[in-house]
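We're numbering straight along the sequence, starting at 1.
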Amino acid sequence: QVQLVESGGGLVQAGGSLRLSCAASGIISSITVMGWYRQAPGKKRELVAVITSGGSTNYADSVKGRFTISRDNAKNTVYLQVNSVKPEDTAVYYCYSRRLFNDYWGQGTQVTVSS
């Protein structure tokens with residue numbers, strides 16, 4: 001129904017920045033929420049940031065002031081600007097979307113922060 005493809009992950013030094021992108025395709029009408037989750041080894045997948053179709057945003061406390069989520073509805077793309085990264089930000093980052101009663105996930109992109 002909905003396919004999500006992430007890009008922009010990689011290796012970055014502590015204090016540096018990355019920009020993650022997620023492009024949605026398929027049956028993309030009526031998508032109400034898009035966002036980002038992350039999962040570090042041995043830990044549960046956790047919410048990072050979400051943005052609604054109306055533009056409202058929500059962030060995990062651990063990333064507030066450092067990460068910014070944005071969207072381009074014309075391109076069906078959501079972005080995550082990742083600034084002032086810390087080693088604890090190292091994780092696989094997954095794009096997420098909700099359409100009607102269904103949830104969709106991307107394949108994940110690795111972000112590794114060196115110190």
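Thr109 places a side-chain heavy atom less than 4.5 Å from the side chain of Leu20. The side-chain heavy atoms of Ser29 and Ile27, taken from C-beta on, include a pair separated by under 4.5 Å. The closest side-chain heavy-atom distance from Tyr96 to Val33 is below 4.5 Å.
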Test log, rule side chain to side chain contact (heavy atoms under 4.5 Å, CB included), inputs Val63 and Arg38: CA-CA 12 Å; Val63 306; Arg38 68 185 182 186; 4.0 Å; yes
Verify side chain to side chain contact (heavy atoms under 4.5 Å, CB included) between Val111 and Leu18, making sure each step is shown before the conclusion. CA-CA 9 Å; Val111 173; Leu18 290 172; 3.7 Å; yes
Could you check Ile51 against Val78 for side chain to side chain contact (heavy atoms under 4.5 Å, CB included), going step by step and ending with a plain yes or no? CA-CA 9 Å; Ile51 186 166; Val78 64; 4.0 Å; yes
Could you please spell out the steps behind the side chain to side chain contact (heavy atoms under 4.5 Å, CB included) verdict for Met34 and Ile69? CA-CA 10 Å; Met34 295 189 71; Ile69 190 169; over 6 Å; no
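The distance from the CZ atom of Arg19 to the OG atom of Ser70 is 5.5 Å, given to the nearest 0.5 Å. Taking OG of Ser21 as the reference point, atom CD of Gln81 lies at 9.5 Å (rounded to 0.5 Å). Considering CD1 of Ile31 and OG1 of Thr52, their distance stands at 13.0 Å, rounded to 0.5 Å.
Here the closest heavy-atom approach between residue Pro87 and residue Ala14 is recorded as CD-CB, 4.3 Å. When all heavy atoms are compared, the tightest approach of Gln110 to Thr112 is NE2-OG1, 3.3 Å. Closest non-hydrogen pair, Asp61 versus Lys64, comes out as OD1-NZ, 3.1 Å.
Annotation: Arg66, atom CZ; neighbour count of heavy atoms from other residues, nucleotides and ligands within 6.0 Å is above 12.
Cluster membership for Val82 and Val113, using ILVMFWY side-chain heavy atoms within less than 4.5 angstrom, is shared. Note on Val50 and Val92: same hydrophobic cluster, where clusters join Ile, Leu, Val, Met, Phe, Trp and Tyr whose side-chain heavy atoms are under 4.5 Å apart, directly or indirectly. Residues Tyr59 and Val48 are members of one and the same hydrophobic cluster, defined by side-chain heavy-atom contacts under 4.5 angstrom among Ile, Leu, Val, Met, Phe, Trp and Tyr.
Judged by the 6.0 Å distance and 45° axis criteria, Arg99 is not positioned over the aromatic ring of Tyr104.
Using the six-membered ring where Trp is involved, Trp105 and Tyr37 have ring planes that are perpendicular, over 60° apart on the 30 and 60° scheme. Ring-plane geometry between Tyr93 and Phe67 is classed as tilted, the angle between the planes lying from 30 to 60 degrees on a 0 to 90 degree scale.
Using a 4.0 Å cut-off between a side-chain N of Lys or Arg and a carboxylate O of Asp or Glu, Asp89 and Lys86 do not qualify as a salt bridge.
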Let me check something: any side-chain donor-acceptor pairs from residues 5-13 under 3.5 Å, sequence neighbours excluded? List them with distances.
{"unit_1": "Glu6", "atom_1": "OE1", "unit_2": "Gln107", "atom_2": "N", "d": "3.0"}
{"unit_1": "Glu6", "atom_1": "OE1", "unit_2": "Gln107", "atom_2": "NE2", "d": "3.0"}
{"unit_1": "Glu6", "atom_1": "OE1", "unit_2": "Gly108", "atom_2": "N", "d": "3.0"}
{"unit_1": "Glu6", "atom_1": "OE2", "unit_2": "Cys95", "atom_2": "N", "d": "2.7"}
{"unit_1": "Glu6", "atom_1": "OE2", "unit_2": "Gly108", "atom_2": "N", "d": "3.1"}

